[in-house]
Student: 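This structure is in structure tokens; I'll ask about it shortly.
Values in this document were obtained by computation on a predicted structure and should not be read as measured data. Proteins get letters first, then strands, A, B, ... in listed order; numbering begins at 1 in each. All heavy atoms count here, side chains included; hydrogens, waters and symmetry mates do not.
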Amino acid sequence: MTVITRFAPSPTGYLHVGGARTALFSWLYARKTQGEFVLRIEDTDRERSTEASVQAILDGMSWLGLDHDRGPIYQTDRFDRYNEVIQQLLEEGKAYRCYHSQAELDDMREQQKARGDKPRYDGSCRNLAEYPEDQPHVIRFRNPIEGSVYIDDLVRGQIEISNSELDDLIIARTDGTPTYNFTVVVDDWDMGITHVIRGDDHINNTPKQINILRALGAEVPKYAHVPMILGDDGKRLSKRHGAVGVMQYRDDGYLPQALLNYLVRLGWSHGDQEIFNVDEMIELFSLEGINRAPSAFNTEKLNWLNQHYMKTLPTSEVAQHLDWHLKEQGIEVSDKSVLEVLIPLFSERCETLKQLASQMRYMFEDVSEFNANAAKKHLKVSAAAPLKLLKEKMQSLNEWSAENIESAIEQTMTELEIGMGKIGMPLRVAITGAGQSPAMNILCSVLGKGICNQRIELALEFIEQRRLQSEQR
RNA sequence: GUCCCCAUCGUCUAGAGGCCUAGGACUCCAGGUUUUCAUCCUGGCAACAGGGGUUCGACUCCCCUUGGGGACGCCA
């Protein structure tokens, strides 16, 4: 039997990390079993569903590389089918019309709550003498009264819910449109879904859905309810912390590979292994490895993974993603090939592509000003002589290479009998404007002789200004 | 309130009754390597929620308590 899984978001917002992880698990399971992965858009709530949200979800999925084999299927395109099934249920007496107004229902709930009962529909329209079609009504599913529903959950084991806990849920609204718990059932059935992998906030919906499935004579799929993701503070994800769309992670400078790796390890594990590329995930993923407890999102670990992938992924791949951020930050790179050299150098000091791009800025643009602290500390009057000598030595190099630049620095040190700090740091501030950077000889070799000369001259002028100022005082 | 789910370092987790003096990873701290910063290497801090059982033996099984989460919509 071919495994068919699905991801079925409702387009009422962006694709957040919780949804993305559920999608990832479903996708991995389908890929691992060489099954099929269906994307279904649950847009029956026309009030809240938006085209923009659909796009955000599609964008998020594609950025993460979670490709679907079927879909996107929109539930709003399937109303005819839903109505057909509703009619069938009605005819078979498995569903019935209910004439209570929303206000009446609200009252009922209030009273039940006040009494300390579980709020639920009391079933008073279950056995009416007549069911007129022309009066405003909803359609309810006739839920079994006796017995229990058992879920053999692939991650939780067996769960029993008594039918007495369930009420006759509404499957069609007064306006005739079908509701969630019903459309899910019809779709999962029609699409032949074999494994429903979803958030555990749906556990309570599962027995209702199983009852409808049975009434329809449909096969009940296997269920795997994965725990929720909590925010950094252990609280439920909210817009204030963590519940941002996955595209925000792109904007913030994360690699899809890093997010994927982070997400797969959140609530799932394979022994002590921390690093998984996508192929390994597919190979090693199993539903048994999914944890039962909810887990908190930890940005620091995501950062660590992101840096790991910036350092270890082929530079050409990092370069592609970096390119987006360079453009975003208005940094123009005429010769893309230098990125091959720069990425390994800079990614050791950055956690995100966003930082990577911004830290590289001085490699592509003039240094507009020196970092105040760095300049104060290193562009001192005493640095003028070493810088000047080094500049001359660099200028007289026949071959402009990192090795030769390094020996120019070393010669300067020996001739003036000074340490690295007295020449390396002034050079660093002169060239980069900042107090820290990758190795100077390599940066200089990439920048070229002319630019290095210019920048050192500028730094020397800066020092001269400073000398004059101190003399005036 | 009722029902359902969950419970190992701060966080992510390993652990399928003896392998546990509870392992790994992130963070943090201390050393080392290093042309600064970082990377990297070595070491360290840090947990089985509590109480009862079952058992020769419990982190592992059962029950209770506590704590967290979820559901209870003409939302999905």
Side-chain angles (χ1 to χ4, degrees), chain A residues 8-12 42-45 47-49 75 98 100-102 105-106 109 112-121 136-140 151 153 156 159-162 164-167 169-181 183-184 199-207 225 227-228 230 232 234-236 262 265-275 291-305 307 311 344-351 359 374 378 406 409-410 413 419-421 423-425 427-429 432 434-441:
Chain A
S10 64
T12 54
E42 311 219 319
D43 54 354
T44 51
D45 182 359
E47 300 266 302
R48 297 196 304 161
S49 299
Q75 291 192 321
C98 168
H100 289 289
S101 69
Q102 271 191 70
L105 260 19
D106 288 345
R109 265 191 288 272
Q112 285 164 331
K113 269 190 180 168
R115 241 181 287 133
D117 288 347
K118 182 170 180 166
R120 51 146 95 67
Y121 174 61
H137 63 271
V138 297
I139 295 168
R140 287 184 186 271
I151 310 169
D153 195 282
R156 319 240 159 193
I159 301 166
E160 175 186 358
I161 289 135
S162 169
S164 61
E165 288 298 323
L166 272 27
D167 63 0
L169 75 164
I170 292 172
I171 58 175
R173 304 181 180 95
T174 306
D175 66 4
T177 56
T179 60
Y180 167 76
N181 276 108
T183 56
V184 166
D200 70 4
D201 48 335
H202 285 291
I203 283 189
N204 292 280
N205 288 326
T206 309
H225 285 100
M228 316 223 61
L230 275 23
D232 262 324
K235 299 253 173 64
R236 186 169 158 65
Y262 179 73
R265 278 289 287 103
L266 203 57
W268 175 82
S269 59
H270 179 75
D272 284 340
Q273 189 169 343
E274 296 286 348
I275 305 295
N291 224 232
R292 283 168 296 278
S295 37
F297 194 90
N298 184 236
T299 307
E300 280 167 345
K301 190 156 184 179
L302 171 63
N303 287 343
W304 171 74
L305 276 168
Q307 184 180 44
K311 289 191 304 189
L345 244 38
F346 282 80
S347 57
E348 292 195 341
R349 313 150 222 259
C350 299
E351 287 183 321
Q359 293 211 8
H378 302 293
E406 184 173 7
I409 295 173
E410 272 163 13
M413 282 163 64
M420 193 65 195
I423 180 60
M425 287 312 292
L427 176 66
R428 170 164 287 117
V429 180
T432 71
Q436 61 257 44
S437 79
M440 287 316 298
N441 57 329

Student: With a cut-off of 6.0 Å (strictly less than), are more than 12 heavy atoms of other residues, nucleotides or ligands near CD of A/E47?
Tutor: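 No, not enclosed.
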Student: May I ask you to verify if any side-chain N or O of A/K311 is less than 4.0 angstrom from the OP1 or OP2 atom of B/rC40?
Tutor: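 So the side chain of A/K311 is within the cut-off, an N or O lying under 4.0 Å from OP1 or OP2 of B/rC40.
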Student: So, does the side chain of A/R156 form a donor-acceptor pair with the base of B/rC5 at under 3.5 Å?
Tutor: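 By the distance-only test, no, there is no pair.
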Student: Students often get this wrong, so: under 4.0 angstrom with heavy atoms, is A/P119 touching a base, only sugar-phosphate, or nothing?
Tutor: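 The residue A/P119 makes base contact.
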Student: For A/S269 and for A/Q436, locate the closest nucleotide of RNA chain B by heavy-atom distance; then report the residue assigned to the nucleotide nearer the 5' terminus.
Tutor: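 By nearest-heavy-atom nucleotide position, the 5'-most residue is A/S269.
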Student: OP1, OP2 of B/rC74 versus side-chain N and O of A/R109: anything below 4.0 Å?
Tutor: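 It does, given that an N or O in the side chain of A/R109 lies less than 4.0 Å from OP1 or OP2 of B/rC74.
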Student: What interatomic distance, in whole Å, is found between P of B/rU35 and the corresponding atom of B/rA25?
Tutor: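 Between the two P atoms, the distance is 28 Å.
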Student: Can you tell me the pairing partner of B/rU2 across any strand shown, Watson-Crick or G-U wobble, with both distances under 3.5 angstrom?
Tutor: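 Answer to the pairing question: B/rA71, which forms a Watson-Crick or G-U pair with B/rU2.
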Student: Any donor-acceptor pair, under 3.5 Å, between the side chain of A/T174 and the base of B/rC74, if you only look at N and O atoms?
Tutor: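 By the distance-only test, yes, there is a pair.
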Student: Checking base pairs now: Watson-Crick or wobble, both atom distances under 3.5 Å. What partners B/rC61?
Tutor: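 Looking at the geometry, B/rC61 pairs with B/rG53.
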Student: Under the rule for side chain to side chain donor-acceptor pair (under 3.5 Å), what residues qualify as partners of A/E274, not counting sequence neighbours?
Tutor: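 Side chain to side chain donor-acceptor pair (under 3.5 Å) check on A/E274 returns A/R265, A/K301.
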Student: Examine B/rA76: is either OP1 or OP2 under 4.0 Å from a nitrogen or oxygen in the side chain of A/T44? Give yes or no.
Tutor: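 Result: yes.
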Student: For the P atoms, the ones on B/rA46 and on B/rU60, what distance do you get once it is rounded to whole angstrom?
Tutor: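 Taking atom P in both B/rA46 and B/rU60, they lie 22 Å apart.
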Student: Between B/rU27 and B/rU65, how far apart are the C1' atoms? Round to whole Å, please.
Tutor: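 Comparing C1' positions in B/rU65 and B/rU27 gives a spacing of 33 Å.
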Student: In whole Å, measure the gap between the P atoms of B/rC63 and B/rC6 for me.
Tutor: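 Each nucleotide's P atom is 12 Å from the other's.
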Student: Whole-Å distance between B/rU27 P and A/E351 CD?
Tutor: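 Taking CD of A/E351 and P of B/rU27, I get 8 Å after rounding.
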Student: Would you measure the distance from the C1' atom in B/rU21 across to the matching atom in B/rG10 and give it in whole Å?
Tutor: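 One C1' to the other, the span is 23 Å.
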Student: Just to verify, what does A/E351 make a side chain to side chain donor-acceptor pair (under 3.5 Å) with, not counting sequence neighbours?
Tutor: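 By the side chain to side chain donor-acceptor pair (under 3.5 Å) rule, A/E351 matches no residue at all.
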Student: Once you apply a heavy-atom cut-off of 4.0 Å, does A/A439 come out as touching a base, just sugar-phosphate, or nothing?
Tutor: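 Base contact.
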Student: How many Å lie between NZ on A/K113 and P on B/rC3, as a whole number?
Tutor: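 After rounding, the reported distance stands at 16 Å.
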Student: Please confirm whether any donor atom in the side chain of A/Q273 sits under 3.5 Å from an acceptor in the base of B/rG24, or the reverse.
Tutor: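 Answer is no: no donor-acceptor pair is held.
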Student: When the C1' atoms of B/rG50 and B/rA58 are considered, how many whole Å apart are they?
Tutor: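 To the nearest whole Å, 16 Å.
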Student: Counting the atoms with a prime plus P, OP1 and OP2 as sugar-phosphate, which does A/I159 contact under 4.0 Å by heavy atoms, base, sugar-phosphate, or nothing?
Tutor: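 Result for A/I159 = sugar-phosphate.
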Student: Determine the minimum heavy-atom distance between A/P11 and A/D43, stating which atoms define it.
Tutor: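 For A/P11 and A/D43, the tightest heavy-atom pair comes out as CG-CB, 3.8 Å.
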Student: Round to a whole Å and report the spacing from NE2 of A/H270 to P of B/rG24.
Tutor: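 The answer, rounded to whole Å, is 18 Å.
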Student: Assign A/P9 to base, sugar-phosphate, or nothing according to its heavy-atom contacts below 4.0 angstrom with the strands shown.
Tutor: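 It contacts nothing in the nucleic acid.
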Student: Please report the distance, rounded to the nearest Å, between OH in A/Y262 and C1' in B/rU13.
Tutor: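 Interatomic distance, OH of A/Y262 to C1' of B/rU13: 11 Å.
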Student: Who does B/rU34 pair with, Watson-Crick or G-U, both distances under 3.5 Å?
Tutor: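 B/rU34 is unpaired by these criteria.
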Student: Is any side-chain nitrogen or oxygen of A/N291 closer than 4.0 Å to OP1 or OP2 of B/rU8?
Tutor: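 Checking A/N291 against B/rU8: no side-chain N or O falls below 4.0 Å of OP1 or OP2.
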Student: Rounding to the closest angstrom, what is the interatomic distance between B/rU8 and B/rC41 at atom C1'?
Tutor: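 Going atom to atom, C1' in each nucleotide, I get 29 Å.
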Student: May I have the distance from A/R48 (atom CZ) to B/rC74 (atom P), rounded to whole angstrom?
Tutor: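 It works out to 13 Å between those atoms.
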Student: Between P on B/rC5 and CE on A/M228, what's the gap in Å once rounded to a whole number?
Tutor: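 Atom CE in A/M228 sits about 16 Å away from atom P in B/rC5.
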Student: Does a nitrogen or oxygen in the side chain of A/R265 sit under 4.0 Å from OP1 or OP2 of B/rU13?
Tutor: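 Result: no.
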Student: Pick the C1' atom in B/rA7 and in B/rG51, then give their distance to the nearest Å.
Tutor: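 Nearest-Å result for B/rA7 against B/rG51 at atom C1': 15 Å.
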Student: Across the strands shown, which category fits A/G267 at heavy-atom distances under 4.0 angstrom: base, sugar-phosphate, nothing?
Tutor: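 It contacts sugar-phosphate atoms only.
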Student: In whole angstrom, give the distance that lies between atom CD1 of A/I409 and atom P of B/rU35.
Tutor: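 These atoms are roughly 11 Å apart.
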Student: Quick one: the side chain of A/D272 and the base of B/rG23, do they pair up donor-acceptor inside 3.5 Å?
Tutor: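 Yes.
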Student: Heavy-atom nearest nucleotide on RNA chain B for A/N204 versus A/Q102: which residue maps closer to 5'?
Tutor: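 That would be A/N204.
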Student: Report which part of the nucleic acid A/H378 touches: base, sugar-phosphate, or nothing (heavy-atom distance under 4.0 Å, all strands).
Tutor: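 Result for A/H378 = nothing.
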Student: Take atom OH of A/Y180 and atom P of B/rA71, then tell me their distance rounded to the nearest Å.
Tutor: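 That distance rounds to 12 Å.
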Student: Within less than 4.0 Å of OP1 or OP2 of B/rG73, is there a side-chain N or O belonging to A/T179?
Tutor: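 Negative; the distance criterion is not met.
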Student: Classify the nucleic acid contact of A/E165 as base, sugar-phosphate or nothing, counting any heavy atom under 4.0 Å across all strands shown.
Tutor: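 A/E165: backbone/sugar contact only, no base atoms under 4.0 Å.
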